[in-house]
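Before any comments, here is the structure.
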Amino acid sequence: MPAYRPEEIEKKWQAHWKAHNTFQAHNHSEKPKYYVLDMFPYPSGAGLHVGHPLGYIASDIVSRYKRLRGFNVLHPMGFDSFGLPAEQYAIQTGQHPALTTDQNIETYIKQLSSLGFSYDWSREIRTSDASYYKWTQWIFLKLFNSWYNLDTNKAEPLTDLTARFAERGSEGIRAAGDEGDRQVFTAGQWQLFTEHQKLAAVHSYRLAYQQDTYVNWCPGLGTVLSNDEVKDGLSERGGYPVERRLMPQWNLRITAYADRLLAGLDTLDWPDAVKEMQRNWIGKSIGAEVTFPVESSELRTENLEIKVYTTRVDTIYGATFLVLAPEHELVDKITTPGQRAAVDEYIAATKRRSERDRMADTKTVSGVFTGAYALNPVNQEPVQIWLADYVLAGYGTGAVMAVPSGDQRDYVFAQHFGLPIPAISDAQQGLDQQADPTKEGRYINSGIINGLTYKEATTKLIAYLEEKGLGRGKVNFRLRDSIFGRQRYWGEPIPIYYKDGTAYGIAESDLPLVLPEINEYKPTETGEPPLGRAQNWLYRNQYPYELSTMPGWAGSSWYYLRYMDPTNEARFVSEEAEQYWGTVDLYMGGAEHATGHLLYARFWYLFLKDLDLVSSNEPFQKLINQGMILGRSNFVYRLNVSLPITEIKIEGPELAKIYPATFFISKDKVIKYQAGDEAVTKEILVFVQNYIADFNNKELGVKIIDPHGTSISDLHVDVMLVENDVLDINAFRKSRHDYRLAEFITEDDGRYLCGWEIEKMSKSKLNVVNPDVLISKYGADALRLYEMFLGPLEQYKPWNTNGISGVSGFLKKLWRLFHPEDGDLAVTDEPATPAELKVLHRAIQKVQEDIERFSFNTSVSLFMITVNELTALKCHKRAILEPLVLLLSPYAPHLAEELWQELGHEPGSISTAGYPEFREEYLVEDNVTYPLAINGKVREQMQFAATATASEIETAVLASDFLARFGEGKSAKKVIVVPGRMVNVVV
RNA sequence: GCCCGGAUGGCGGAACCGGUAGACGCGUUGGUCUCAAACACCAAUAUCGCAAGAUGUGCCGGUUCGACUCCGGCUCCGGGUACCA
């Protein structure tokens, strides 16, 4: 083989790995296991751009490194193949989403394979395969048939619950969820319940339950969305507006796990940012629930109460009014006739406001008085009851006690509506313009807590309220139960059927419930989900199925378990496989899944743990977020000059042929022009005038008249037409029909310079760089190395295609170490010199350290330095090059395999050949030069043996004559020796 | 607003425990090879300065013999999140 030809080498080894199942992992092994997982992709139609493989490359390096280190590595890949884009495409074209999805997956597999990843493709899974979603449905049924026992603090089968009902009734059962929804009954009553009544009583205990819920309804997509699928009031996919709506929905009781999800974070080796995001998302707050009785009047006979939630019960003496959410259930009952009209108007106005408006507008104060009063339970003072949309129905009790002296929002509200603002702490003298939310000072005007501090007051008040039955300490979470249904086609059918309006789970033996074929993918005319179109789709030929499907995150919440045992038809994963592989050792993926997928997956895992189906507490031990690779967009600058032409005799295509040009001005000229440079302004003017004169001289039957307009706009230009910011003018003219006659005002050297900007990579910005093009030009090894070389893995960083020539050159240099004349292998068996051994062993040590702390970019640099040094040493020795190939093999596996074979090893054996042995003695052989400094100023360098101790060096320095030369005759006060670094002398 | 990151040449970045700031690569400039181009190779490349030298890691201050690194106070940029009571 002559010169280095990556394309041949890479094809050869990819075929070899495939044919020999080189990376197949076995569920039984003497070796220790290591599980490296990538977040599996949704196979989008656009294919991969250079940003996508970043994390895959990094995890592949770790996988290959761990194999060298003697681990049995599980490194699988699959596809999260249910999802909206394929369905939207189906609605537009009628093409079945399964077809689109399969085509996209083929493209993905082809692209991933061309990068040389060491996936065990025999374990590939697709969430849209019935053999997979059978088990997603199975887990759903487990949730449906479980409740959360607060006494044991775990999920338990519903059969345990119904057995207790039969024995003791509902008495004494503490279950996660809203007690208000649950009936109270005795064992005797339970026995007399009909089946229907029993199911109704049990329903509100289920971990998967149906309930009227305020949801994020997205009319544009025709479905509900979960909180993490909504960004700034718009849908994450598609960017359609989202509104609040009350609808019956399937929910998963993730809130039962809030505390455990929070506590588990402390045990995880995850980025702090992700842990913090999950903590905020769960949003634990410790406070109290306090009951305010509504003041009775002749109009009302009922004794109504309003429960509020507060984290500052100590401020209760300053509570001068209550505020309810407009959706609060008591609003109707307490509103006085006099205020009825105003209240109705306010509620209507709130409903009209979209979620987005409500969020955008947090400055204006709005609210309405209900006319009703409640009594402050600690001092019996009447307090007004108001409505305002700043109080959220979904959090706490949907009602707050307003303390204007302690909370800024309450302060503003009180001031706006002229409500009293009494001080309750001696730290609050002169509440001028703002509230005092601090917990400093001692309480005043505060009955039983006067003179106390924050801590004393809180303890005393909670005890007082609990004793009087007016309140209790309570922990609240921001986390809401997750809405589990989507009114879409392309998802897992929810395995529920209805008998007399009651929901039943289908029998496990009837799984999978296969997605039926339908003729159109839109909602039905009656507004039902697309599954309403399915013909004769009935459970056991008589009962209608649930028509919504599962959300996108269902299949991804447990896929990592399925990889352990992907073809098992009897169980979601066999016990042996689950126990052997345990949990994921390294999980690589984007930070955008912090509060979605990563939280749901942890929730499902804890649930499975409660049912003894898995054996740990957390599924992902270490998480790394790879940063996004950003695109470098290029811009051209169009001169907006209108060139109207005279009345014409030609039309249509003929006219199009001669239509006047668009003018593009090179970047530096634009800058000068905008800065008012007269020479450039004149140049542009003359250029346009000459063009017009030229055009009019051509006697085309039309003439340009009266040009006007001089603004400049910047337009994205395809980065493939630009090199080093210089536009390929001819290619640009050809790229778009309307630019074929374009004129260019270039720099004086004739080049057209483009502007640039760093943006997200996207088709619309024309800045997408396709990996296939780079692989065919430089090879997958070069692309892998270069992506790692770009910068720290976790950082966002811009792509720059030019840089790849550097790593490409490195691979060529490496090749030449083996083939100095680019001919056959010319490696010698001479013994290595100390200098060569030093270069090698530094690399062995550094690469190992780098991989273990995920610092791949510095490793690539080191490879380059190493090869440069060995080239300078003219080292072509097996003793050096063979270990070097091993070191490099995780990064550039194809070339490494090739060289490994050329060195006489069994083809394909490099992946388990073992990591080279590091010997420190080679690194410390030389003498070490210490910079010598007096009072911090570096004056000279001194040589010592690397083995010299600090005190030996100190003695030598004091004995030397340097003080006479540099110390201006002074004597040394102190000699500080930093081993290997610096000798510092204080005079 | 709150929480979490970050700021180093023309560019991406390196500097691990406080010890010669700018490794490595790109780009640029000059050179060798070539009829020429490409490839390759050699040299220079933080800033100012002919040089000696001086100044330099967002800003102000502190600790230290010595600070990109630690501490206090800012500025700007990025990400997350929000009338959460």
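In what follows, chains are A, B, ... by sequence order, proteins preceding strands, each numbered from 1.
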For [X], all residues meeting side chain to side chain contact (heavy atoms under 4.5 Å, CB included), sequence neighbours excluded:
| X | value |
| --- | --- |
| A/Thr291 | A/Glu305, A/Lys307 |
| A/Thr871 | A/Leu817, A/Val867 |
| A/Asn767 | A/Ser633, A/Val719, A/Glu759, A/Met761, A/Lys765 |
| A/Ala374 | A/Phe292, A/Leu322, A/Val383, A/Ile385 |

Whole-Å [atom1] distance, [N] and [M]:
| N | M | atom1 | result |
| --- | --- | --- | --- |
| B/rG13 | B/rC68 | C1' | 14 Å |
| B/rG30 | B/rA37 | P | 14 Å |
| B/rG72 | B/rA54 | C1' | 30 Å |
| B/rA14 | B/rG22 | P | 15 Å |
| B/rC26 | B/rC59 | C1' | 30 Å |
| B/rC4 | B/rU29 | C1' | 44 Å |
| B/rA38 | B/rA52 | C1' | 44 Å |
| B/rA15 | B/rG66 | P | 25 Å |

Applying side-chain hydrogen bond (donor to acceptor under 3.5 Å, both in side chains), can you list everything that pairs with [X], at least two apart in sequence or on another chain?
| X | answer |
| --- | --- |
| A/Arg816 | none |
| A/Trp386 | A/Gln384 |
| A/Lys813 | A/Asn868 |

field: Proximity to RNA chain B (any heavy atom under 4.0 Å), residues of residues 591-599 of chain A only
entry: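 Output list: empty, so none.
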
task: Please list, by residue number, the residues of residues 270-277 of chain A whose heavy atoms come closer than 4.0 Å to an atom of RNA chain B; answer none if no residue qualifies.
output: A/Ala273, A/Glu276, A/Met277

message: Take N1-N3 plus N6-O4 or O6-N4 for Watson-Crick, N1-O2 plus O6-N3 for G-U, both under 3.5 Å. Which runs of 3 or more such pairs involve RNA chain B?
response: B:1-7 with B:75-81, B:10-12 with B:24-26, B:27-32 with B:40-45, B:46-48 with B:53-55, B:58-62 with B:70-74

task: Determine whether the aromatic ring centres of A/Phe417 and A/Phe321 lie less than 6.0 Å apart.
output: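 Here the rings of A/Phe321 and A/Phe417 have centres that are no less than 6.0 Å from each other.
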
- prompt: Taking only side-chain nitrogens and oxygens of A/Arg842, does any of them come within less than 4.0 Å of OP1 or OP2 of B/rA23?
  reply: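 Looking at the OP1 and OP2 atoms of B/rA23, neither is under 4.0 Å from any side-chain N or O of A/Arg842.
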
task: Report yes if a side-chain nitrogen or oxygen of A/Asn857 is closer than 4.0 Å to either non-bridging phosphate oxygen (OP1 or OP2) of B/rG25; otherwise report no.
output: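 No, outside the criterion.
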
message: What's A/Ser805 touching, base or sugar-phosphate or nothing? Going by heavy atoms closer than 4.0 Å.
response: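 Here A/Ser805 touches the backbone only, sparing every base.
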
message: Applying a 4.0 Å non-hydrogen cut-off, can you work out what A/Arg816 is touching in the nucleic acid: base, sugar-phosphate, or nothing?
response: sugar-phosphate

message: Between A/Val403 and A/Arg312, is the side chain to side chain contact (heavy atoms under 4.5 Å, CB included) condition met? List the steps.
response: CA-CA 9 Å; A/Val403 183; A/Arg312 290 297 305 277; over 6 Å; no

query: Glycosidic conformation of B/rC68, syn or anti, with 90° from 0 as the boundary?
result: anti

query: Restricting to pairs with a member in residues 784-797 of chain A, which pass side chain to side chain donor-acceptor pair (under 3.5 Å), not counting sequence neighbours?
result: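 Matches after skipping sequence neighbours: A/Asp60-A/Arg784.
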
task: Return the 5'-most residue of the pair A/Gly809, A/Asn802 with respect to RNA chain B, ranking by each residue's nearest nucleotide.
output: A/Asn802

- prompt: RNA chain B: A/Gly803 or A/Asp410, which has the more 5' nearest nucleotide?
  reply: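 Looking at the nearest nucleotide for each, A/Gly803 comes out on the 5' side.
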
message: Tell me which pairs pass ring pair (Phe, Tyr, Trp, His ring centres under 6.0 Å) where either residue lies in residues 841-872 of chain A, with sequence neighbours left out.
response: A/His841-A/Tyr922, A/Phe863-A/Tyr891

